[in-house]
Amino acid sequence: MSKPRDRIAPSPTGPLHIGTARTALFNYLHARHTGGTFILRLEDTDQARSSIAYEKDILDGLHWLGLHWDEGPEIAGEAARGPYAPYRQMLRLPLYEAATKRLLAADMAYPCYCTPEELDADRKAQEAAKLPPRYVGRCAALTREERAVCVAEGRPAAIRFRVGTGVVGFDDIVRGRVEFDVANLGGDFVIVRGDGSPLYNFVVVVDDAAMEISHVIRGEDHLSNTPKHVLLFRALGHPEPRFAHLPLILNPDRTKMSKRKSQTAISDYIAEGFIREALVNYLALLGWATGTEEEVLSIDEIVERFELADVHKGGAVFDRERLEWLNGQWIRRLEPEDLIERLRPFVAVQLAAGRIDWMPPDDDLRALLPVISERLPTLGAIGDLVGFLWVHELVYDTGLLVPKRWDVATAHVALAAARATIAAVGAVAFEADELEPPLRALAEARDWKVGDLFMAIRVAVTGRTATPPLFDTLVALGPERVLIRLDAAIERLAHA
RNA sequence: GCCGCAUUCGUCUAGAGGCCCAGGACACCGCCCUCUCAAGGCGGAGAUCACCGGUUCGAAUCCGGUAUGCGGUACCA
């Protein structure tokens with residue numbers, strides 16, 4: 001048996017959607033697991049809604065996720081890859097025309113001259129009669145003469161495919177046997193618009209046939225289109241591919257995930273600092289599981305374990321909390337240099353937003369890694385976590401300097417004493433291990449709770465009540481700035 | 001309306017007739033660790049397996065029906 005050929009066929013009418021990314025991932029997983037070929041095809045026949053910016057967003061997103069395709073369209077000056085080019089539907093128009101002609105010649109399709117008004121009236125009448133909407137077949141049996149009249153009148157002709165009668169069935173890999181009575185398909189459906197442009201349900205089949213796609217893996221929302229596709233494959237004289245309809249990703253209210261109710265653009269997740277390993281891992285686990293208790297898996301481990309037959313049938317609610325947890329898991333698994341590399345753009349964003357005053361050198365970031373990696377649910381959290389390290393002036397509420405058990409005077413005395421203690425440690429010995437003992441001793445000598453003393457110092461040097469461990473933070477700041485900030489805090493308290 | 005698909009803790013899921021009065025993970029709660037916040041460890045709470053009926057010595061697992069939800073029903077993709 002020949003190797004599988006799987007494809008993702010996004011339409012550039014919006015940014016890369018979580019659902020498209022998941023479908024792409026499952027196609028990729030199936031191709032890689034079986035040693036097959038993963039193909040990218042751009043479905044850009046909806047010219048009105050397609051844009052090059054969306055196309056770029058989609059391609060970049062797929063690349064970012066690591067879903068590299070074996071065959072695909074030309075992009076940014078790079079030639080198309082693969083023996084079935086072009087991989088962009090607007091460039092394949094002649095193929096659809098040829099297929100249309102064949103269908104027309106065999107009378108498996110026919111021109112339809114119905115106007116939108118007529119169609120609309122039909123639909124309304126059916127609705128009023130509580131009948132399911134379907135094409136009434138007005139043009140199905142036009143004589144040569146009648147057609148000639150329409151042509152002479154210059155009426156545009158859409159092309160309709162004859163659905164015939166009977167039951168169409170197929171064996172869906174995830175759902176099993178699915179059957180539809182052709183009578184419920186809504187009548188002969190349009191495959192080419194009046195303006196000559198072909199429709200999705202048609203081109204998808206022409207292309208899947210031409211590209212020898214063996215497995216059509218897509219969202220469940222396409223399940224009811226499948227009988228039309230099966231009919232078309234047969235009419236075109238091409239063997240049908242296997243179908244696998246994936247469960248939908250859902251909004252919290254269990255409706256199909258949508259922009260209205262959820263964050264759906266992959267680029268938004270990237271911008272927040274989710275990393276590809278986590279997103280891929282999370283998406284793979286929506287609708288599929290290994291059957292073991294393994295959950296944190298690399299894409300290669302998933303490829304190894306993936307089976308289409310193990311995919312679920314029921315929809316899955318997108319759970320951001322779980323994604324965040326996985327993101328943390330993966331951030332902690334990154335090699336230090338890799339993490340620095342990925343963190344840098346997020347620090348740059350802070351700088352550009354004016355939330356920090358300078359860009360820290362990599363050495364500074366590297367030194368921080370041990371204390372920040374377990375505190376980053378997303379890379380974008382870096383600013384909130386340690387942005388105070390890279391600003392000239394701290395902005396905070398003076399009241400924070402006074403722990404609950406203390407009054408202003410105590411805080412003032414304590415910070416002054418802490419300043420002296422820290423100064424006494426000196427720049428040469430400015431290490432966490434050298435700073436902690438004397439400050440603990442100070443608290444003990446004055447009968448202060450160490451937590452209170454440390455909290456006052458923490459706020460004085462960071463402006464925040466939640467930070468990485470205090471002594472590591474002091475070291476990261478360096479002796480000069482620690483003393484300057486302590487002085488500033490002491491000054492504040494003097495006036496409080 | 002019609003057609004189709006689905007239904008195990010709040011969420012993601014394990015489960016393919018006895019191992020399940022249902023296991024894991026996220027979230028939640030408590031404890032431990034602890035200078036705060038995390039991370040980590042331990043523990044807890046949380047599912048009459050949608051419902052009803054059948055098959056069977058025995059059903060979350062098989063069969064039928066019902067309910068609910070979702071998807072589709074375009075000269076969108």
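Reminder, nothing fancy here: chain letters follow the sequence lines and each chain counts from 1. These numbers come from the heavy atoms of this one structure, side chains and all, not from hydrogens, waters or symmetry mates.
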May I ask you to check whether Gln47(A) and Ser50(A) show a side-chain donor-acceptor distance below 3.5 Å? no
Complementary nucleotide for A27(B) - Watson-Crick or wobble, under 3.5 Å: none
Do we see a donor-acceptor contact under 3.5 Å between the side chains of His215(A) and Asp6(A)? no
Would Asn251(A) and Ser262(A) count as a side chain to side chain donor-acceptor pair (under 3.5 Å) here? Give the steps. CA-CA 6 Å; Asn251(A) 292 311; Ser262(A) 305; 2.5 Å; yes
Considering only atom C1', compute the distance from C51(B) to A67(B) and round it to an integer number of Å. 7 Å
Write down the partner of U56(B) under the Watson-Crick or G-U wobble criteria, each distance required to be under 3.5 Å. none
If you apply the rule salt bridge (Lys or Arg N to Asp or Glu O under 4.0 Å), what do you find for Glu324(A) with Arg322(A), and how did you get there? CA-CA 5 Å; Glu324(A) 273 188 22; Arg322(A) 197 169 149 82; over 6 Å; no
Which part of the nucleic acid does Glu324(A) contact within heavy-atom distance under 4.0 Å: base, sugar-phosphate only, or nothing? nothing
Would one find a side-chain N or O of Arg134(A) under 4.0 angstrom from OP1 or OP2 of C3(B)? no
Taking ring-ring contact (aromatic ring centres under 6.0 Å, His included) as the definition, give me every residue that meets it alongside His222(A), ordered by chain and number, with sequence neighbours left out. Tyr200(A)
Determine the interatomic distance between P on U11(B) and the same-named atom on A27(B); round to the nearest Å. 16 Å
Output yes when Arg320(A) and Glu272(A) qualify as a salt bridge under the 4.0 Å nitrogen-oxygen rule, no when they do not. yes
Which is more 5' along RNA chain B, the nucleotide nearest Asp221(A) or the one nearest Asp181(A)? Just name the residue. Asp181(A)
Gap in Å between the two P atoms, one belonging to C42(B) and one to C33(B), rounded: 15 Å
Paired nucleotide for C51(B) [Watson-Crick or G-U wobble; both distances under 3.5 Å]: G65(B)
Salt bridge check: are Arg440(A) and Glu436(A) linked by an N-O gap of less than 4.0 Å? yes
Indicate whether OP1 or OP2 belonging to A77(B) is found under 4.0 Å from a side-chain N or O atom of Thr45(A). yes
Is Gln329(A) atom CD crowded by more than 12 heavy atoms from other residues, nucleotides or ligands, each under 6.0 Å away? yes
Side chains of Ser197(A) and Arg193(A), donor plus acceptor under 3.5 Å: yes
Steps toward salt bridge (Lys or Arg N to Asp or Glu O under 4.0 Å) verdict (Arg155(A), Glu118(A)): CA-CA 13 Å; Arg155(A) 297 178 70 161; Glu118(A) 288 174 313; 3.5 Å; yes
Is His222(A) stacked on the base of A77(B), meaning ring centres closer than 5.5 Å and planes within 30 degrees of each other? yes
Roughly how many Å apart are A50(B) and U8(B), using the P atom of each and rounding to a whole number? 6 Å
Whole-Å distance separating the OH atom of Tyr135(A) from the C1' atom of C3(B): 22 Å
pair_partner(G40(B)), Watson-Crick or wobble, both distances < 3.5 Å, evaluates to C32(B)
Round to a whole Å and report the spacing from CG of Asp120(A) to C1' of C75(B). 12 Å
Phe180(A) near the nucleic acid: base, sugar-phosphate alone, or nothing, with a heavy-atom cut-off under 4.0 Å? sugar-phosphate
Sticking with atom P, work out how far U66(B) lies from C2(B), rounded to a whole angstrom. 13 Å
Watson-Crick/G-U partner (both atom distances under 3.5 Å) of G17(B): none
Between P of C75(B) and CG of Asp122(A), the distance in whole Å: 11 Å
Expressed in angstrom and rounded to an integer, what is the separation of Leu248(A) atom CG from C70(B) atom P? 12 Å
Determine the contact category for Leu119(A): base if any of its heavy atoms lies under 4.0 Å from a base atom, sugar-phosphate if only primed atoms, P, OP1 or OP2 are that close, otherwise nothing. base
Which base sits across from G71(B) as a Watson-Crick or G-U pair, both distances under 3.5 Å? C3(B)
With rounding to whole Å, what would you report as the distance between A25(B) and G40(B) at their C1' atoms? 16 Å
Decide, yes or no, whether a salt bridge links Glu220(A) with Lys256(A) under the criterion of side-chain N to carboxylate O below 4.0 Å. no
Using the P atom as the reference point in each nucleotide, state the distance between C20(B) and A59(B) in Å, no decimals. 16 Å
Nucleotide nearest Glu220(A) (side chain, heavy atoms from C-beta), chosen from A77(B), G4(B), C3(B): G4(B)
Once each nucleotide of nucleotides 32-49 of chain B is scored for protein heavy atoms under 4.0 Å, what B/S/- sequence comes out, 5' to 3'? ---BBBBSS---------
Sticking with atom P, work out how far C57(B) lies from G23(B), rounded to a whole angstrom. 28 Å
Measuring from Leu379(A):CG to Leu343(A):CG, what's the distance to the nearest 0.5 Å? 5.5 Å
Any chance the side chains of Asp207(A) and Tyr87(A) put a donor and an acceptor closer than 3.5 Å? no
Its contact letters, B for base, S for sugar-phosphate only and - for none at protein heavy atoms under 4.0 Å, make nucleotides 9-18 of chain B read --BBSSS---
Taking any heavy-atom pair under 4.0 Å as a contact, classify Asp195(A): base, sugar-phosphate, or nothing. nothing
Write down the distance between CZ (Phe202(A)) and P (A77(B)), rounded to a whole number of angstrom. 13 Å
Distance test, side-chain N/O of Arg41(A) to OP1/OP2 of A77(B), below 4.0 Å: no
Applying a 3.5 Å limit to both distances, which nucleotide forms a Watson-Crick or G-U wobble pair with A45(B)? none
State the pairing partner of C9(B); accept Watson-Crick or G-U wobble contacts with both distances under 3.5 Å, and report none otherwise. none
Check the phosphate of U73(B) against Lys228(A), side-chain N and O only, distance under 4.0 Å to OP1 or OP2. Yes or no? no
Please give, in whole Å, the distance from C75(B) C1' to Glu117(A) CD? 12 Å
Taking for Glu293(A) and for Pro132(A) the nucleotide of RNA chain B with the nearest heavy atom, the one nearer the 5' end belongs to Pro132(A)
How long is the line joining OH of Tyr200(A) and P of U73(B), in whole Å? 11 Å
Glu321(A) side chain, from C-beta outward: closest of A27(B), A77(B), C75(B): A27(B)
Can you measure Asp188(A) atom CG to U73(B) atom C1' for me and round it to whole angstrom units? 16 Å
